[in-house]
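Position 1 is the first residue of the sequence, and the numbers go up from there. In each ligand, atom 1 is the first atom listed, and ligand 1 is the first ligand listed.
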Amino acid sequence: MTTRVQTSDADGSYEPIARVLVSRRRLTARVAELGAQISADYAGREIHMVGILKGAAIFMADLARVLSIPATFDFMAISSYGAGSESSGVVRFIKDLDESIEGRHVLIVEDIVDTGLTLHYLRESLTARGPASLAVAVALDKASRRQVPVPVEYVGFRIPDAFVVGYGLDFAGRYRNLPYVGILRPEVYTR
Ligand code: 5GP
């Protein structure tokens with residue numbers, strides 16, 4: 001059995017990763033700031049966090065634990081139709097929410113907003129279900145790639161146009177568990 005070994009540098013960086021874009025330390029610090037901001041904005045209310053599987057799982061777990069307001073959880077899983085890694089904006093629900101969001105203060109939690117097509121669709125379809133309010137928190141934002149304008153109330157980091165993995169984000173199902181956001185070595189794609 002071959003096991004990939006974590007190297008011992010400060011970021012704990014890992015051999016398939018060419019460059020660490022957002023370190024674990026910066027993620028932790030920024031998520032704490034977002035938690036404080038969200039807790040202040042929703043003071044006196046209960047928030048209903050809707051995580052978009054699978055990518056948002058890690059961010060949602062971190063964000064939930066730095067909130068100082070009551071929170072409930074639900075998850076939905078979606079998949080975009082379209083060639084390769086390009087988003088088409090046509091979204092299929094693979095797993096819908098378990099509970100109604102009517103009258104609740106919903107916070108959609110997403111890993112990354114890229115073209116904006118997925119979030120645009122999600123905002124429209126969840127708004128139609130009558131929440132008391134709806135807002136979005138994303139860990140990462142590739143603003144330069146936007147094709148549709150979509151409001152994003154809480155952004156962790158704006159990043160350049162590069163395909164990233166880690167902190168919930170995958171390539172072919174892998175690397176979601178990396179504790180930082182990194183850019184893959186090109187050999188990983190071409191193998
Ligand atoms: P959008 O509809 O905004 O173009 O796409 C959002 C979705 O595309 C994200 O939820 C994510 O699944 C995927 N995505 C966009 N950029 C990246 C990236 O750099 N890395 C990974 N792993 N997924 C990405």
Donor-acceptor pair, side chain of K95 and main chain of F75, under 3.5 angstrom:
yes

Below 30° counts as parallel, above 60° as perpendicular, anything between as tilted: where do the rings of H105 and Y42 land?
perpendicular

Counting each atom of ligand 1 from 1 as listed, which ones have a heavy atom of [X] under 4.0 Å away?
X	answer
K142	16 (N), 17 (C), 18 (C), 19 (O)
A162	19 (O)
L169	21 (C), 22 (N), 23 (N)
D111	9 (C), 10 (O)
T118	1 (P), 2 (O), 5 (O), 6 (C)

Min side-chain heavy-atom separation I17-R185 under 4.5 Å
no

Note, L126 side chain near Y121 side chain (heavy atom, < 4.5 Å):
no

Apply side-chain contact (heavy atoms from CB on, under 4.5 Å) to I108 and L134, showing your working.
CA-CA 7 Å; I108 299 176; L134 184 78; 4.0 Å; yes

Does [X] have a non-hydrogen atom less than 4.0 Å from ligand 1?
X	answer
G116	yes
L119	no
V165	no
F171	no
A56	no

With respect to V164, determine whether any N or O atom, backbone or side chain, lies less than 3.5 Å from an N or O atom of ligand 1.
yes

Does this structure show an ion pair linking D141 with R146, if we count only N-O contacts that are shorter than 4.0 Å?
yes

Are R129 and D96 close enough for a salt bridge, meaning some N to O gap below 4.0 Å?
yes

Interatomic spacing from CG in L140 to CZ in F59 - rounded to 0.5 Å:
8.5 Å

Between the CD atom in E153 and the OG atom in S133, the distance rounded to the nearest 0.5 Å is 9.0 Å

Which of these, I78, V150, D114, has its nearest heavy atom closest to atom 3 (O) of ligand 1?
D114

Could you tell me whether E110 approaches ligand 1 through its side chain, its backbone, both or neither, with non-hydrogen atoms closer than 4.0 Å?
side chain

